[in-house]
Amino acid sequence: MTLSRTPFISLVVIALTASILAATSVAASDDHKKQSHEAARQALLRKEVLPLTRILAIAAQRVPGEIIEVELEQGDHGRLKYDLKILGKSGRIRELELDAKTGATLKLEDD
């Protein structure tokens, strides 16, 4: 009877370990998101980035279509940039990179 319980106990230990690791990973991910959001908020307060509403208006002028994704990222030389994915009326997805501080177009390409 001890031999048949050993594989079961091993599976339970593996499952518990996996769930603990997953929970730790989710908590770390949540902390990272909170830090990222706070960093973006601070950059906005320091006027290092344009507000998202302004970026969306600039993007709509440059690339007509539906904006389906926006990310604020650190670009080359430490400058912040907005990466946008835009679904055009033709059904094609285009990627637009805008300088986060000025709104200048850094890159426009098809996805």
Chemist: Look at the side-chain heavy atoms of Ile, Leu, Val, Met, Phe, Trp and Tyr, link any pair under 4.5 Å apart, and say whether Leu87 and Leu84 land in one connected group.
Modeler: no
Chemist: Scan Thr102, Leu44, Ile58 and name whichever one has a side-chain contact (heavy atoms from CB on, under 4.5 Å) with Leu50.
Modeler: Ile58
Chemist: Count the heavy atoms belonging to other residues, nucleotides or ligands that lie under 6.0 Å from CD of Glu73, then report whether that count exceeds 12.
Modeler: yes
Chemist: Taking a hydrophobic cluster as the set of Ile, Leu, Val, Met, Phe, Trp and Tyr residues connected by side-chain heavy atoms closer than 4.5 Å, whether directly or through intermediates, do Ile67 and Leu96 fall within one such cluster?
Modeler: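 Yes; Leu96 is reachable from Ile67 via cluster members.
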Chemist: I need the minimum non-hydrogen distance between Lys101 and Lys47, along with the two atoms involved.
Modeler: CE-O, 3.9 Å
Chemist: So do the side chains of Leu56 and Val70 get within less than 4.5 Å of each other, counting heavy atoms only?
Modeler: yes
Chemist: If you measure from CG on Asp83 to CD on Glu95, what distance do you get to the nearest 0.5 Å?
Modeler: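 Answer for the CG-CD pair, Asp83 versus Glu95, is 7.0 Å.
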Chemist: Can you find a pair of side-chain heavy atoms, one from Arg62 and one from Leu98, that are under 4.5 Å apart?
Modeler: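 Answer yes - side chains close enough.
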Chemist: Residues in side-chain contact (heavy atoms from CB on, under 4.5 Å) with Leu106, at least two apart?
Modeler: Lys81, Glu97, Asp99
Chemist: Do you reckon Ile86 sits in the same ILVMFWY cluster as Leu52, going by side-chain contacts under 4.5 Å, direct or chained?
Modeler: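 Looking at the clustering, Leu52 is in the same group as Ile86.
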Chemist: Between Ile55 and Leu80, is there a shared hydrophobic cluster once you connect ILVMFWY residues whose side-chain heavy atoms come closer than 4.5 Å?
Modeler: yes
Chemist: Quick one: which of Glu66, Glu69, Glu71, Arg94 gives a side-chain contact (heavy atoms from CB on, under 4.5 Å) with Lys85?
Modeler: Glu69
